[in-house]
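None of these values were measured; they are calculated from a predicted model. First the proteins, then the strands, lettered A, B, ... as listed; each starts at 1.
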Amino acid sequence: MEEYLLKVDKVQTVFKTGKGEITSVEEVSFQLKPGQTIGIVGESGCGKSVTSLSIMRLLGKHGYVKNGSILFNGKDLAKISEAEMREIRGNEISMIFQEPMTSLNPVFTIGNQMMEGIRLHMKLGKKEARNYAIEMLNSVGIPRSEAIMNEFPHALSGGMRQRVMIAMALSCRPRLLIADEPTTALDVTIQAQILELMKKLRSQSNTAIILITHDLGVVAEMVDKIIVMYAGQVVEEADVFTLFDNPKHPYTKGLIGSIPHIETHQEDRLISIPGAVPSLQNMPTGCRFHTRCEFATERCLQEQPNLIQLDETGEHKVRCWLAEEEAYVSRENKEVFV
Amino acid sequence: MFQYIIRRLLIAIPVLLGVTIFNFFIINLAPGNPVDMFVNPNMSAADILAKKEALGLNDPLWEQYGRWMGSMLQGDFGYSFATYEPVLDNIAARIGPTLLLMGTALIIAYLIAIPVGILSATKQYSFIDYLTTTFSFFGISIPNFFLGLGAIYVFGIVFPIFPTGGMTTLGSSGGFVDTFMHLVLPAMVLGTAIAGSMVRYVRSSMLEVLGQDYLRTARAKGLREFFVNNKHALRNALIPIVTIIGLEIPLLIGGAVVTEQIFQWPGLGQLTIQSIGSRDYPMLMALNFIAAFTVLFSNLLTDLMYSVVDPRIKYN
Ligand SMILES: Nc1ncnc2c1ncn2[C@@H]1O[C@H](COP(=O)(O)OP(=O)(O)OP(=O)(O)O)[C@@H](O)[C@H]1O
Ligand SMILES: [Mg+2]
């Protein structure tokens with residue numbers, strides 16, 4: 001139990017709107033050990049960002065975690081006071097955001113924004129904080145870091161800004177780093193550099209990482225474990241090899257089938273999943289994927305499947321009636337762990 | 001930067017020229033003329049004509065305008081028809097009080113509008129927000145003279161705390177405290193009238209900023225909400241707010257004319273009203289010229305302020 005750094009259990013996050021509450025994410029559960037990297041994948045709008053913002057408790061005025069718990073170091077982040085949460089944010093848990101172009105404040109210098117968190121959490125004086133910030137910028141490979149300290153964000157390219165964000169996020173040596181699509185907005189070469197950088201930093205400081213992306217290719221080479229999300233729920237969880245070799249959920253299979261391969265022959269078409277993610281106001285009953293699933297049965301339309309464990313170690317989990325029934329058959333009615 | 005300023009000043013010249021032409025003809029369209037103002041029953045028609053001739057009022061309008069322009073370019077704004085003193089001397093004596101009144105009013109307006117606007121935006125749709133919105137619409141829609149009369153009634157008659165007219169107590173030598181006491185009511189009236197519209201600007205500007213991604217970044221660092229709002233958000237919200245100084249100055253000038261009249265404040269606004277009454281053409285031309293110049297200059301100042309508060313803007 002105690003070996004987990006983060007234990008997210010059946011979290012439900014809702015937003016209050018003019019027309020009542022809408023549930024953005026529910027039944028999200030996963031665990032993370034120190035130094036481990038977990039990937040969250042899924043199509044746009046499936047709740048990846050909301051999941052990470054729930055952990056940071058940065059859902060804005062209208063969003064909150066309604067059910068479930070988020071245990072970090074034994075503390076439930078959904079319950080602790082705002083003051084306690086501030087102590088954790090930027091200190092023990094940091095986050096890199098999806099949009100490097102808009103995530104830095106345009107009217108303050110890089111140095112000013114870097115030093116804020118450092119001074120707050122590390123209690124350094126102005127001069128030490130400045131030197132430390134320069135050191136951090138160097139460590140993420142920013143050239144002329146001393147001059148960059150006095151620059152405003154608009155003078156930096158997207159890749160450089162994301163490096164600044166990473167330097168900022170890592171400056172207080174967090175135990176958990178949440179990277180929400182850190183490379184989506186960047187071009188491919190910069191993307192590779194940023195991922196290399198994150199790998200290097202991970203090996204240096206044993207930081208646990210939650211890497212969010214909708215690019216399975218990125219995840220494959222970075223993470224230990226993958227969570228696949230669909231329409232606000234976790235639909236499959238497995239280590240990288242299992243997930244790619246033996247995906248169980250039809251949605252996961254679809255996602256993997258849609259990655260282009262160098263060896264793909266011209267005549268082999270990439271598989272695309274028909275249809276789109278259902279809207280929050282309009283969630284289908286039963287399995288949420290049934291509207292797009294070619295294997296959907298009567299049961300899938302009626303009953304919602306649970307996230308069940310497929311193997312004894314409990315590392316591979318899936319939310320699908322088909323997989324559940326298959327597991328029953330193959331284990332010849334051995335008990336299924338729920 | 002320097003070149004930019006020069007360029008802007010050059011562009012201002014034709015605008016100013018247009019304004020003077022326009023003013024000159026408008027003033028002359030007003031019924032009556034300066035001589036009517038000091039006619040007395042003992043003057044004969046010939047005397048009046050001679051007087052008009054002496055003032056050059058019988059010449060064609062364009063010739064009068066040319067004469068005015070010619071001497072203005074040499075820095076000579078002529079003599080007042082009413083006081084027979086040089087126009088510039090009269091204006092110089094009055095410009096101080098007006099600047100004092102307008103400056104204080106502007107400071108009051110900002111002191112009210114910035115905190116109230118921030119509060120109203122951060123607590124959007126709360127009771128406080130509705131309350132400030134209601135009050136700011138009062139501020140916008142109540143005419144200055146009405147507010148002025150109300151202030152005189154309440155603070156001058158019901159609770160006689162502040163003097164209600166002039167800039168110093170008659171017969172006294174003035175001094176800081178005395179002037180301050182005289183300044184309170186007119187500056188408050190002028191300031192709150194402007195604060196009304198300013199609160200709306202601050203609120204909407206702040207609301208726009210409050211949804212930005214960089215505030216989430218600031219929160220993710222563990223900063224207190226106070227710093228997030230008053231450092232990260234406010235600094236961005238201020239960018240459009242400083243620009244409205246340029247919009248407020250014309251309002252301020254207009255407001256000062258009325259407010260000075262109500263409170264007998266010896267400034268340019270009061271002088272303007274008096275000069276209109278006496279059809280003091282040279283004085284009115286000079287006052288209009290100053291007003292136009294101030295508005296153009298404050299627009300330039302606004303643009304320059306932009307580049308100070310927003311690092312993304314550089315003029316060249
Ligand atoms: N502040 C909010 N108010 C209401 N609904 C929201 C809010 N933020 C997110 N949502 C909803 O929650 C759902 C999940 O959004 P989320 O941003 O987590 O998607 P995502 O998986 O991160 O997608 P992307 O890949 O595009 O970043 C969406 O349907 C979105 O409309
Ligand atoms: Mg997202």
Side-chain angles (χ1 to χ4, degrees), chain A residues 18 49 52-53 55-62 82-110 112-122 150-155 161 164-165 168-169 171-172 174 177-178 180 185, chain B residues 1 114 118-130 202-203 205-243 303-316:
Chain A
S49 296
S52 53
L53 292 172
I55 299 172
M56 288 293 277
R57 229 166 78 187
L58 287 176
L59 292 158
K61 253 193 248 170
H62 305 294
E82 186 55 32
E84 273 180 281
M85 196 63 221
R86 275 202 307 268
E87 277 299 306
I88 292 176
R89 276 190 211 123
N91 193 15
E92 291 182 76
I93 308 181
S94 315
M95 185 156 177
I96 305 169
F97 294 98
Q98 206 164 344
E99 307 85 7
M101 302 312 273
T102 54
S103 291
L104 288 168
N105 194 329
V107 300
F108 293 106
T109 59
I110 301 296
N112 184 323
Q113 298 186 59
M114 284 284 301
M115 282 155 62
E116 251 176 352
I118 296 173
R119 296 194 62 182
L120 180 70
H121 296 299
M122 302 177 71
N150 299 323
E151 286 287 2
F152 288 93
H154 67 93
R161 285 189 216 187
V164 170
M165 287 298 291
M168 212 169 302
S171 50
C172 299
L177 174 68
I178 304 175
D180 187 356
Chain B
M1 187 69 152
I114 290 181
I118 292 176
L119 193 70
S120 177
T122 50
K123 305 238 184 301
Q124 193 188 10
Y125 302 138
S126 68
F127 176 72
I128 296 236
D129 185 24
Y130 290 124
V202 177
R203 179 179 181 273
S205 164
M206 192 73 181
L207 278 178
E208 207 164 288
V209 171
L210 284 178
Q212 299 290 326
D213 287 339
Y214 48 75
L215 295 190
R216 200 177 49 192
T217 310
R219 289 192 184 97
K221 284 183 216 170
L223 294 187
R224 281 168 187 282
E225 207 56 17
F226 182 83
F227 283 110
V228 173
N229 286 335
N230 292 295
K231 179 181 172 189
H232 286 267
L234 180 60
R235 183 65 198 275
N236 280 281
L238 276 181
I239 294 171
I241 294 170
V242 297
T243 64
D303 289 350
L304 297 181
M305 288 287 279
Y306 242 133
S307 72
V308 174
V309 288
D310 189 342
R312 286 163 297 187
I313 293 176
K314 289 276 169 287
Y315 294 114
N316 42 46

Note: A:H154 and B:P311 closest approach over all heavy atoms is NE2-O, 3.3 Å

For A:G117 and B:K221, the nearest pair of non-hydrogen atoms, with its separation, is N-CD, 4.1 Å

Which residues in residues 222-230 of chain B have any heavy atom lying under 4.5 Å from a heavy atom of chain A? B:G222, B:L223, B:R224

Hey, which residues of residues 205-216 of chain B are touching chain A, say heavy atoms under 4.5 Å apart? B:D213, B:Y214, B:R216

Part of [X] lying under 4.5 Å from any heavy atom of chain B:
X	value
A:L120	side chain
A:E82	neither
A:M168	side chain

Could you give the distance from CZ (B:R219) to CE (A:M85), rounded to the nearest 0.5 Å? 13.5 Å

Reported OG1-to-CG distance for the pair B:T217 and A:N105, which is rounded to 0.5 angstrom: 8.5 Å

For residues 86-96 of chain A against chain B, heavy atoms under 4.5 Å, the residues are A:R86, A:R89, A:G90

With a 4.5 Å cut-off on heavy-atom pairs, point out which of A:Q98, A:R57, A:E99 contacts chain B the most. A:E99

Considering residues at least two apart in sequence or located in another chain, which fulfil the ring-ring contact (aromatic ring centres under 6.0 Å, His included) criterion with A:F108? B:H232

Residue of the set B:I239, B:V309, B:L238 for which side-chain contact (heavy atoms from CB on, under 4.5 Å) holds with A:V107: B:I239

